[in-house]
Amino acid sequence: MSTSLSLVVAAVDDTVPGVRSVRLVRPDGGTLPGFTPGSHVLVTCGPPGTSAVANAYSLTGDSVAPRAYTISVLRLDAGRGGSRWVHALATGDRVEVTSPRSAFPPVLAARRHLLVAGGIGVTPILSHLRSAVRWGRDVEVLYAHRPGAAAHLEDLRDLAGDALTCLTDRTALGDHLERRLADQPVGTHLYTCGPAGFMDTVTLAARRLGWPDERIHVEHFGVDDLDPGESFEAVLRASGRTVPVPSGTSLLDALEGAGLSVPNLCRQGVCGECRVRVAAGTPLHRDLVLSDAEKAAADTLLCCVSRAADDRLELDL
Amino acid sequence: MTTQPSVDRALVTGFPFPFPTDRYRYTTNVEPAPRVVGTPAGQWGASVVDVDGEYHRELVERAAVLERDPSRYAVLDHMAPACWDTMLTLMRELAATYPDVMSLDGDGPSYVWTNRLLDVEQPFTYARPSTLPDEPLRYVAGQVQEDLVLLDQRDGDLWGDAGLVTFAADWSFGFDVGMSFLEIHGPVPRLRETGVITRAREFIMRLQPGAPYRRTNWTLTIGRQLDVSTERYPEWGPDRPRILTVDDTTFGREVHLRTEVQHLVRLEESGAVLFLIRTYLLPFEELARVEPWRATTAAVLADLPDDIADYKGVAGYRDRAVTWLHARTP
């Protein structure tokens, strides 16, 4: 299970409009667990002990024996409230985070690393870049951002130097991306993070140019949530109880709200911990864990992201 | 009349007896670590790295094996970060487990490693090879009794891309290096069909830092020999027919139950998986003095299917072993 860390806000930085960087430290100032580049923590976006929204934020700082965890959060006024909460934090506030979890690591054996960031998706790319520089890896960075709204631009420049290209114009981005994707040595791995549409553009262009899927890495935790989904009812076979799952509430959240304890870690459909057995009904799979065959068998689902295809799902719980 | 014990008592009281029941089959027998397990003789399992009375002897033996056969150590180029990660992780484990004699001072990138058992005080800077007297994986293998294998995770698979293994039980690290997890386990009977090995692989690929797991494995070894690698088969292979010809006293002194306590640790920075193999040997004459161990071992060996017995190299003398153990029923 993931361990919870109780940290303190040591500094906030609002230099870039709409983006807040927060530096979190241990209350005793000690070293925090190291992490694999591209890792995120789940931040409980509310006072400790309340059932607040938990958001995944990539760690942007040094990954070996870190003295602080730093995150950068884009304010989304239409979101679930997590980013607004982060933007209201003050120095000295307590923040609960999970220990870092890795779901977007660099491939150690890659011959070259092409890092493509869109907007606030720069955060995991930055930690990839730090690691590439530490270990002398061959690296190139493309950073697409709106004019005047580039988080971590100085960090990228300091680390990447000439290997960084910034693009603020959509057409220029498309052209440059095509050119750079077409001109990489065999064995290059591509990593992209940004809004879903941006990552789709990058991966489609790469596939069209013949990049194999194993060399294309997408940070699924990006900035967009899954769509809220239709409401349905979950029937618990053991007790016969019916738990309503409204649109916008995950099955896992609904089960926990009904007092059930379901093992879980990532709550993003990546780790596979919250798999539950389906007794009747058709699951709507939205996870990244189950194989096509397992999904077709329709006898389990990952309740953190997956839902019901119809209005009712019976669970072996 | 009492007979003189052939091994240090601590090797009996700390022995990780590998059989929970009278029947042994391959399973995905992983559990969170560390966790203390009580046994009829004592206990084991309190830490991820284990230093015992054999520490100096085993480290001298490891150095001798490496000197004679450098192929026991291999690191593919891309694994350098994982080797530094391994060294730092193991030094932290050792310092946390044995604070009276070991410490790691500094909070990076500069550290000082102290190991009073070896009279070592070594300053170093993380990721700077010139600051260490040896490559990091080989250096840290000189501080622990465990064999070390590093698994790189890529393309939805695990690859044995680095390691230092001097105490292999009838396998060859030098042969396996660079292979995938399934290829490494290819020779083991039943693993593929039962799904044990693919489940183990899926499990390992989901390991997270800070949450180590462990499992045990076992075999029988003739003589108190740690290095029974494939490379030295010409030396130890003839022991198997020979053991059928010795008298009962010699049989009990020479045949050992060999337990491997294997830890799986996800490394923080590199994301590689560190697989630690710690080998414990207990001669049958000592094993037979602990009645539940004698009875269970006899039952397991009697029940063991031929293909597993064959793979473990005990097919030729397991009947003798069962008879020997039965004869010592109190």
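In what follows, chains are A, B, ... by sequence order, proteins preceding strands, each numbered from 1. The analysis underlying the following values was restricted to heavy atoms, covering all of them including side chains, and did not include hydrogens, waters or symmetry mates.
- Residues from residues 135-155 of chain B that place a non-hydrogen atom less than 4.5 Å from a non-hydrogen atom of chain A comprise D152(B), R154(B), D155(B), given in numerical order.
- When heavy atoms are compared at a cutoff of 4.5 Å, R92(B) approaches chain A solely by way of its side chain, counted from C-beta outward.
- Within the 4.5 Å cutoff, the side chain of E269(B) has no heavy atoms near those of the T36(A) side chain.
- Applying the 6.0 Å contact sphere to CZ of R128(B) captures no more than 12 heavy atoms from other residues, nucleotides or ligands.
- Each of A65(A), S39(A), G30(A), G34(A) has some count of heavy-atom pairs under 4.5 Å with chain B, and the biggest count is that of G34(A).
- Counting heavy-atom pairs closer than 4.5 Å to chain A, the top residue among G210(B), G108(B), P81(B), G271(B) is P81(B).
- The contact between L267(B) and chain A is made entirely by backbone atoms, counting heavy-atom distances below 4.5 Å.
- Heavy-atom distances place no part of M205(B) under 4.5 Å from chain A, backbone and side chain included.
- Using a 4.5 Å cut-off between non-hydrogen atoms, the part of residues 204-217 of chain A that approaches chain B consists of E214(A).
- For F203(B), no part sits under 4.5 Å from any heavy atom of chain A, backbone or side chain.
- Here OG of S102(A) is found 14.0 Å from CZ of R206(B). Values are rounded to the nearest 0.5 Å.
- Within the 4.5 angstrom heavy-atom criterion, only backbone atoms of P100(A) (N, CA, C, O) approach chain B.
- Residues of residues 104-113 of chain A placed with any heavy atom under 4.5 Å of a heavy atom in chain B are listed by number as V107(A), L108(A), A109(A).
- Ranked by heavy-atom pairs under 4.5 Å with chain A, the list S270(B), A272(B), P32(B) is led by S270(B).
- E268(B) is listed as a side-chain neighbour of P33(A), based on a closest heavy-atom distance under 4.5 Å.
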CA sep, side-chain torsions, deciding dist, call: W84(B), R134(A), side-chain contact (heavy atoms from CB on, under 4.5 Å): CA-CA 12 Å; W84(B) 284 96; R134(A) 175 195 302 279; over 6 Å; no
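- Dense packing is recorded around CD of E202(B), with more than 12 heavy atoms of other residues, nucleotides or ligands lying under 6.0 Å away.
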Which donor-acceptor pairs under 3.5 Å do side chains of residues 177-186 of chain B form with protein atoms, sequence neighbours excluded?
| unit_1 | atom_1 | unit_2 | atom_2 | d |
| --- | --- | --- | --- | --- |
| S180(B) | OG | E183(B) | N | 3.2 |
| E183(B) | OE1 | S180(B) | N | 2.8 |
| H185(B) | ND1 | F181(B) | O | 2.8 |

